[in-house]
Each structure stands twice: as structure tokens, then as C-alpha cells.
Amino acid sequence: MRYPPKALHGPLVKAAKYSSSPNLTMKNWRGKSTTYIVPLGFHNSRSFLVRIAIGTLLPNTFTIMQFFHSPFIASNTSSPTIISGSPSSSFGNSTLNLALTNFSSIISSGAILPTTFIPLTIFISSESIKEAKQLHSLSLKTGTFNLSPVSSRLVSLYTSQPINDLIYARSVFDTIQSPSLPLWNMMIKCYVENHRSHDAIRLFCDMLTEFPPDNFTLPCVVKGCSRLCAVEEGKQIHGFSTKLGFGFDKFVQSSLVSFYSKCGLLDCARKVFDKMGEKDLVTWNSLIDGYARSGDVETARKLFDEIPRRDSYSWTALLHGFSKSGKIEAARDVFDKMPTKNLVSWNAMINGYMRSGDFESACELFNTMPERNLITWNSIIAGYEVYGRFEEALSMFLRMLQEEEDDFIKPNNATFTSLISAVAASAILSTGKWVHSYMVKNGMAIDGVIGTLLIEMYSKCGSIESALTVFTSIHRKKLGHWNSVIVGLGMHGMADEALELFKKMQESGIKPNTVTFVGLLNAFSHVGYVKEAHLYFDFMVKKYGIEREIEHYGCLVDVLCRTGRLQEAKTVIEEMKIRPNKVILMSLLRGARMFVDTEIGEYAAHRLKELAPECYVALSNMYAAAGKWEKVSEVRETMKKKGIKKEAGWSLIERKGVIHRFIVGDRSHPQSEEIYAKLKEMREKLKAAGHVADTRQVLLRIEDEKEKEAELELHSERLAIAYGLINNNNDKSPIRVVKNLTVCNDCHSVTKFLSRIYQRDIIVRDNSRFHHFRDGLCSCNDFW
DNA sequence: GTAGGGTTAG
């Protein structure tokens, strides 16, 4: 039977917005919307429902009922009756629930047999997954689920925009024995729109055994290919579509232009474009965007001038092209000249400024723009994060929560990606915990990239326990999660645990990659496991077939240097196929400084000089340790000449959301007096415990040992620890200190003593790793 | 019965 049944002329309208118009004809019935309304109070609508109910009218879908204020159907009648009410566009859940209850009770009362009820076309404006699930379970309860019209309608309901739940959609789809072509198309589209293009293409391949693709299928899969940059697959589909006779289909060809543009194959894009008979604006825009993206702004501009008619898309594409290729003034010029600016163009301009590091101009636009959306906020937050301005990233996030509370702008994965990275870099555990709990409270899924980032964040904030908790809670652990936790354990000097997890990871069937080995080798180097480092350095190539990269060499050299095997490290550097980088040579120099080997130190410094100014500091430290004071002054002279300054050391400690930052000999803190009193107490207790100051690393030439000791005593981390001991004395939680430089020998040994004397765990993050001090020992085994 | 291609964040 065809839609609409003849008897139903007139009274049927297609959507709420038309419901007030009295003269709608059957054309509307076949309109685009899947939601139809039977206007209440119309005499024919009753007969419509009765006919459906008694089965003389057989709609073939499980369409859904759209309700008005008053309940649609009375439960105590043998056939549905209509209660008139005024149409309204707002439908509360309670109305829906009442109606669903009514349906269920009609069925269970036996008033209508399920068989006659089944084909009943119910119209509902389903806006939420909850409603969809109610219908789903209703169909299961009544046994109508297995009827293909019903299950088909459910798939399209689950894939429809407000719901868009592809897991439910797919599970229903899989129960349908032979899905129709439109249903395949819907499912494929749903995957592409949810950034699951791999699955879309897989499904497309399955489909090919049943149907040849049509003009609906092809643009979808082509879009999937461009999302994935799957050039070969896209080309195959191009050939295929030509064979099938879609060579002149406007939409198919246009999607191909977009595909080639996005993948940077401008020549191919141009070929398709030139062959197209009628080019519409969308196709022009795709091509302009393609040229702009590839950096060929000249051609983009030329094309832009050729377009017969412009709207704001073309302008924004051009603007984006300029800003992406660093021509920010040209972008601004386009922005200023645009006849009409929309939110997207504002966002593109703001993003351009943020990328170029012009925060002022970005903020100026941000503050004056007429409206903002999630992308606006995300651009700003991400921009701050990328430029290392973590506090600003965080405060923008807080501002977003505050200002957009009522506007339904909620942070999403993109927001948290930037935010978590910012928190990880600033290493404030309490902020990290707050962000995490915010996410949990707001129902964000902790998996995928977000899970990886959270593990990394907790590791970097010094709480490996929380990192492990997050890791354990992730159900489907992927390679990234394993890598992240292995790297984290390494950072905390927990090489044995890292190794154990590495084994578990393989047991669970996940193959390690190059990052996994960086994590492992790094873990070994942090605790001085030379044997293991050699072993896995070998394994990764021989057993796992993974090529060594500069980072792997870096870790091996590092562990050799930390354990005093300087000659061996030098040999590795000389024999490696890759050119040694700054990190590797710095390792060698630091090793030379620690084991006072000036010959190797000079070798490293010689190769380093062109690369890194900070090597001078390490070099002068080495000479100081060797007592070669002439050399120290020589290096310091050079530093002065070249204008190189030693990075000022600082340490910070957080308490109740406030960050306290100390520098050497700092007396600016309000609690300074107490801190210095504590330092005095510490000095006495240290002496009593048998600590002897290690003055080798005092950079300045101070002859008097007493003075040297005094200099060490005022190192910023000691001030921070003293502050921690004073203020966090009641609870026994660890004292967490973040430091921008590497901990010096003497502070390391002092902190070990302090952890025993005061029976407090002290966790220090320096510029490369964590030290967990407990009861007189450090997790790094004194290799750092 | 789908409603298809283009611009901004990650």
C-alpha cells in the first residue's frame, strides 16, 4: 500500500511548524520529515487512527506518535480515541511516558490484540535516547521487534540527529536479515558522522555483496575516505562510481572534489571539478578550501575571484587558508571585507590569532563577538595550552563554565584534551583531581584519548596511584593506555612494575610499539637497570621487529651515563646511525659532571655548543666539581659574552588551591620567619642524623666550606619542603614539590634524610622525573 | 521510507 491512503487527504500535515496551516495536501505526507502530526480535533483524524488500529490501513513503519498537551489515547477504550487539545511544540517527557503507559495497558488489557496493534503508526517526536529505548523495549515486549518495518524504523530512530546512538543502531541493524539499501545508507552515514569512518567503510564493503551503491551511498563513503585520508580507497571508489554511471551525478562528483582537496591532491580535485557540468557554490568552496589548506593561497584567491556568487562559506575558507599559512594580516583583511560575518568566520579569525600567538588580538575579538559557541572556547583554551600558558587555559575553562552555564555550551572531549594537557604540564594535583571529578560528574566517558591523557596527567602530577586507578577502570584498554601507564611508572622510578605491565599487556594480546619501548627503556634508565636496558634495546629489534629511533638511543645512553659507564656511552653515540641530538649529548655531559670526567665532558660540550646554550651551565658545574676554577671562570666569561643566563631555579608547593613558589634564599613569603626557623631545626636534626653536606655542585667559587653549606641550605626545594612541614603537619599526606631544574646531589640526600626524620613521604618532580622519598630512601635508587 | 557535497576546535 502506498502512502498516503486516499481516505486521508487533507488532514495530515507533516510537522509541527505546519500544523497551524489548514490547507495542507497529501504532498506534505511525503515530505522530508519523518515526524507527522494528526491535527487534533479534525474529524478525519479519528477515522485515521481507527483505520490504523483495525488494520485496514497498514503503515509499514513503526513510526512514532507526536503528542500534544493532552494524552492522545484513553486507556479505557477498546479503540484509540482522540482527545482534542491545542497543538504545541513542546512535549514533556511526562506526556510521552503517560502515552507509552497507555499503549502498554491497551495491549495488556487485551482491548487491542498485539497483531492489530503492531502496524499502528505511532507518531512521537523522540528527542532522547531514553524515549527511543522505551520504544525499543516496547517492541521487544510485544514481539513486534522482529518485524522488519519495526526494527528498520528503530534503526532510523537511533541514527536520527537528536539521538545519534550508533551502538544501539548497529545492534538493531545486525538483527535485520536483509536490510534495504536506504537502511544500509543510513547506518554508513551514521558511522561517518560519528567519526567512525573505518567502520563505515567496512560496512560499505559488506553492503557490496548485497547491493551496488547508489547516489546516496557514494558521497557518504567518499566523505569517510577523506576523513581518514584514505587516498587509495577513495580513488577506487572514484573509479567504481564512474563505472556505475555516476560520472555526472552532482553530489557524487562534488564529494570527490572535496575528497581530493582534503587529501591534498589538488590536481585530481581540479580534474573532477573541470569535468563537472554545472558547478554549484559548494563545489567551488571545496576547491578553494583545498588550495587554501595546501598553502596555495594565490590559487585559492584566484578561484575566489572567479566564483559567480559568494556567500560566507567561501570567505571563511579563504580566511582560514590565509591564517593557516601564517598570513594573518591577509586573513584579517578578508575578515574585515566580508559582507556578512557569521560565528564560523569569527572563530576562524580568533583561531588564526591564537595559532600565531597573538593573544591580544584574539582576546579583543573574543570579547567583542556577538555570540560564542563551544568551538570559540575550545580555540582559545587550546591556543593557550599550545603556547605553554597553562594558567590562562585553566582560567578560560573556568570562565566558560561560569558564563555559558545557561547557554547549553558544555565542554567536550576537545576541551578536555587541551585542559588535561595543561594541568599535566603545570603539575598541580588538586586541579587535576578537580578536572577529573568534573568529567565524571558530567558523564564524560573516560576512555580513548581522554583516558590516555588522564593517566599521563596523574603521572605528571605525581600521583601514580591515581594514574593506575584510571588505568584499571578502563574496560577496553588500548595500546595508548598501556603505553601511558608504562611511561608513567618509568617516570616514577617503578621499573619493575613497568616491566610487569609490559608482560600483562602482551598476555592481553596487545602488541607493543615504538613508544612502549621508549617507556620501558626510560624506566630502566631512571633506576639504573643497565642489563635490562641492553636486553630490551636488543629485543625490540630482534624479537618485535621495531626500528630503533633517537629516543631509544637516548635512553640507553642515559642509563650508561647515570651509572658511570661514560666510555661505553660515548661508543654508542659514535656508532649509532642517527645523528645524536641535544638530549643525548646533554646526558653524556651530565654524566661527565656527575662522575667528574672532564675529558668526556669536553667532548660532549664540544659537540653540543652549536646546539644548546644550557650546556654551558652543566659544563661549568662539572669544572666546579673537578675544582678547575680557571675553567669555571672561562666558561662563565663565554656565557656572559653570549648573553646566556643560568635558568633561575624555583620550586613550588600547592596548598588549598594556592600555589607557593620559592626561589633560592627566598624571603618574600609571608610565613618566611617560620620557614627559616624550620630550616634551622632541619639543619640540627640533619646533623644529628649524620648528614654531611655534599658541596661539589656549588657553582660559585666559595672557598669557605661553611658558606657553601649555607648556599645549599637555601635551595628552593628546601624552602618548599619546610613550608610543607609547617603547614601540612596534621595529615600525613605526601609533601609534593615541583621543581623546574634537576635536583642537586645534596638536596637529594637531604630529602632522603628528611623523609625519615619527619616520617613523611616527599614527592619531588624535577624537570625529567619523580623522586619518591620514603623512610630515608628514594625511588630513583640514586640514579638521576 | 534515507536526503546526500562546503567553512571554525581536537
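Each chain gets a letter, A, B and so on, in the order its sequence line appears, and its residues count up from 1. Fair warning: this is a prediction, and the values are worked out from it, not measured in the lab.
- If you measure from atom CG of A:Leu154 to atom P of B:dT2, you get 16 Å, rounded to the nearest angstrom.
- Summarising the geometry, the separation between CD1 on A:Ile420 and C1' on B:dG10 is reported as 12 Å, rounded to the nearest angstrom.
- A sub-4.0 Å separation between OP1 or OP2 of B:dG5 and a side-chain N or O of A:Arg227 is absent.
- Which of B:dT7, B:dA9, B:dG5 sits closest to the side chain of A:Asp280 comes down to B:dG5.
- With B:dT7, B:dA9, B:dT2 as the candidates, the nucleotide lying closest to the side chain of A:Pro182 is B:dT2.
- The side chain of A:Lys262 contributes an N or O atom lying less than 4.0 Å from OP1 or OP2 of B:dT7.
- The aromatic ring of A:Phe251 does not stack onto the base of B:dG5, failing the criterion of a centre distance under 5.5 Å from the six-membered base ring together with planes under 30° apart.
- Side-chain nitrogen and oxygen atoms of A:Lys223 include at least one within less than 4.0 Å of the OP1 or OP2 phosphate oxygen of B:dG5.
- Taking every side-chain heavy atom of A:Asn215 into account, B:dG4 is the closest of B:dT2, B:dG4, B:dG6.
- Ion pairing between a basic and an acidic side chain is recognised when a charged N comes within 4.0 Å of a carboxylate O; A:Asp336 and A:Arg332 show such pairing.
- Neither OP1 nor OP2 of B:dT2 sits under 4.0 Å from any side-chain N or O of A:Ser156.
- Here the nucleotide nearest the side chain of A:Asp214, chosen from B:dT2, B:dG6, B:dT8, is B:dT2.
- The phosphate of B:dT7 (OP1 or OP2) has no side-chain N or O of A:His320 nearer than 4.0 angstrom.
- In this structure, the CZ atom of A:Arg293 is 10 Å from the P atom of B:dG6, given to the nearest Å.
- Salt bridge status for A:Lys302 with A:Glu306: absent, with no side-chain N to carboxylate O gap under 4.0 Å.
- A close approach under 4.0 Å does occur between a side-chain nitrogen or oxygen of A:Asn351 and OP1 or OP2 of B:dA9.
- Side-chain atoms of A:Tyr191 and A:Arg170 include a donor-acceptor pair closer than 3.5 Å.
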Practice task
List the steps, then state whether ring-ring contact (aromatic ring centres under 6.0 Å, His included) holds for A:Phe359 with A:Tyr384.
Solution key: CA-CA 8 Å; A:Phe359 303 109; A:Tyr384 279 130; 5.2 Å; yes
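- When distances are taken from the side chain of A:Ser379 to each of B:dA9, B:dT2, B:dG6, the shortest belongs to B:dA9.
- Residue A:Thr417 is classed as a sugar-phosphate contact, given heavy-atom separations below 4.0 Å to backbone atoms only.
- With A:Ser484 contributing its side chain and A:Thr452 its backbone, the two residues share a donor-acceptor pair below 3.5 Å.
- Computed from coordinates, the A:Ile307 CD1 to B:dG6 P distance equals 16 Å when rounded to whole Å.
- Heavy atoms of A:Asn412 sit under 4.0 angstrom from at least one base atom.
- Counting atom types as modelled, A:Ser254 pairs a side-chain N or O with a base atom of B:dG5 as donor and acceptor under 3.5 Å.
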